[in-house]
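Keep in mind that what you see is a predicted model, and the values were worked out from it rather than measured. The sequence lines fix the lettering, A, B, ..., with proteins before strands; numbering per chain opens at 1.
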Amino acid sequence: MLRRLAPSLRRAAASSAVQRGGGGARLPDPGLSSPHALPPQWRRCASAAASSLPPPPPTPPQGPPRHAGGGSAASSLNPAEVAKFAAIAETWWDSQGPFKPLHLMNPTRLSFIRSTLCRHFRRDPYSAKPLEGLKVIDVGCGGGILSEPLARMGATVTGIDAVEKNIKIAHIHAASDPTTASIEYCCTTAEDLVKENKQFDAVISLEVIEHVANPLEFCESLSALTVPNGATVISTINRSMRAYAAAIVGAEYILRWLPIGTHEWSKLVTPEELVLALQRASISVEEMAGFVYNPLTREWSLSDDTSINYIAYGIKKSETPPTMPHQ
Amino acid sequence: MTPTPARASAHALLRSTRCFAAANRIRPAARAFSGVPAGAADPQGGPEKVGGVRAGDDELDVAIVGGGMVGLAVACALSNMPLTKHLRVAIIDSNPALKSTNYLKKDGIPDSRVSTVTPATISFFRDIGAWEHIQQQRHAFFGKMQVWDYTGLGYTRYNARDVCKEYLGCVVENKVLCNSLLLRLQEQKEAIGKMIYPTRLESLVFPSKSRNVGGAGLKPPSTEADSLGHTSKELRRSNLVKLDLSDGQTLYSKLVVGADGSKSNVRQIAGIKTTGWSYPQSAIICTVEHTTENDCAWQRFLPSGPIALLPIGDNFSNIVWTMSPEEALRHKSMSSEDFVMAVNRALDFGYGPHPSSSSLDHYMERLFSGVGDTAASTKECFEVPPRAIGLISERMAFPLSLMHSHDYVSKRLALVGDAAHTVHPLAGQGVNLGFGDAAALAEVISEGVSVGADIGDLSLLNRYENDRKAANVAMAAVLDGFQKMYSVDFGPLNVLRAAAFHGAQYISPLKKNIISYAMGDKKSPLFS
């Protein structure tokens, strides 16, 4: 069901970015965004890739803030996106509410995370609590719908979210179960935690990267939060024609699963871009899987098809990364 | 970028990752970033500790109300799966039989409450390790079956060889099924005494919706939830189902399983509505004795309803005879000699002639020889069942009804077995549906544990309902014809199908009987 990321995809990651960096966009134009230019937040990444024919120097973790003042102002988060989620925060645990798609997808996302983390940390998959003793952070935890299952699997979970309201909801909801009451919820950003030199065995950030202001910096923050040889899991929506049809037209306009405007086409990230961004942040993507929805059974399952929703698992390289095999 | 070095480095990374993971396990318990103890390193199976406060023994994961066959099967299945064996499970039932620790004697007179378990149920029992206990107690496999009707026009003989199996089913006393599950549970759980609460359910309080964070917003401030042990305990319990028992104890559980039969108290408290009706029929059950061993299941459709004679080992057979309530009363009160005569009449010449090899059969055979796949048993001749020589148990009569619960689940509740559905007691068919429920529910709970779900979560439990409702409705109300039933591997229904395919299509009285029997309602407007 899952597949190892083929080396060819890694090549594709580099080459596609190079092509687009050169202005020759291959993506279909949905008519909403300018197709010929990369989203601004990707420019740095793309140009870096485009100019990466000579071996780039190993990128140091991007610790220091770009803006003065620190706090959430220095985060890669987009204030408008934060406000958007604050408005619907209270409905997090309503399985029929605006987060219905996440509730539906949750078991599938968790089975990917469970199987990859069990393999990564060599845990017994037949254990009821295979993540026992692992420090895991859920970046962009929302109401805690991922953090709670991770805690039930035995992990020592930290959940962070930039929206104060989400953290409150998550905290109250988790308190009702002894296993989840131990989750450490905190209203902060990945960047701020990096500044505090926090590190985790596994860093998980699902359906977040498409909402951040600067995905590359975000990946670098995630990397900085991961211990060497630790695991990183990221899921998001592809910027493909099918994703546009399914996640924006379908889920927002037709099915009304999501409030209109939840996802902006131009902010979506393709698997190639994600692999590249993570690679530049010293995380090598090892495995990737797509999510497909079966409208008859109303269930999601994992597949090879990453054209709409997908999830990636990578390993943070150890302190002395092997030379990039560009030459 | 060349693939080979990338791969090699990936492998190197993987190797070092393993070392890291090994080191990680030795490392003392991690601390979260704020310096607060990182909480729960719960030993599996034990009560969990939260900030030093023990989750009490009265807090459960699964509370099973009703320790009958299906309730015990749920407990047994949960204790046998790697992901669910650590769950704290309780069974609430005052039945003293739940104290049994020995095999039931094989040489006694068999109980008249028996079930015909299907191959699917047998494999479920094997999976959960309970079948070997059944093999140590009384049970009777049968490999042959004969179905015929009072009109004398048709009969069907069915043989396990036709479907390349050793048997069609197995007749087991209900008390043997219960006892085997109980013995298996005792092997799995040392402290089974603590698991079984020999009392009755007094009341049940489900967590109110307003306490959920979802709708009502930010009620309890987080500081309050954290500050004191007992406050967090209250908050925790407000999210669990509260069960008050008649001996004064109170339990709290994440999930309540209603396995308390067709008049389910749990279902009524939960306010789940049912659809159903009583048939103008009753069934008489009892045990009879023959001079020789019976090795075949027999079923004859009479004008008032079917009579079945099922082997139960040695020279004993079980009778399930459906008739009008007045007739049932009369048959129950007549002398046992008269009753045995009535049984023999009903299984032999009463109500109509034996089916004979007539021109009709040759016609049928010719008709179906072209269709191919002629089963060996089509050549077998009609046989007369062994005569009963004596009644050796009490006669029990019970009214028949069909009932189907609108919902099998709600938040923190699942109904299984007769609590969710009762069907016409066609040779103990109902209990096979119940065991199917038990297996499916345990499987769904296991899936839930694997992805860290709250096991009382409605969206998880809905998967159990979706799985079982289709199967149970198909069995209870066979409206889509025999096609849906074709997926069900069950001897007697296979026989009905065989009967339908071999002859019933062209013999309308039998056809009507079979369909209305399978439908469970002769008065169904669709067939009038």
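Heavy atoms of S459(B) lying under 4.5 Å from chain A are absent altogether. Heavy atoms closer than 4.5 Å to chain A are found in both the backbone and the side chain of D454(B).
Listed by chain and residue number, E148(A), A151(A), R152(A), A174(A), D177(A), I183(A) satisfy the side chain to side chain contact (heavy atoms under 4.5 Å, CB included) test with T180(A) (two or more places apart in sequence, or in another chain). Take F291(A) and apply the ring pair (Phe, Tyr, Trp, His ring centres under 6.0 Å) test, not counting sequence neighbours, and it matches no residue.
Between the side chain of Q199(A) and the backbone N or O of T226(A) there is at least one donor-acceptor pair closer than 3.5 Å.
When each of S446(B), A453(B), S450(B), G448(B) is checked for heavy-atom pairs under 4.5 Å with chain A, S450(B) comes out on top.
A salt bridge links D61(B) to K254(B): at least one charged side-chain nitrogen sits closer than 4.0 Å to a carboxylate oxygen.
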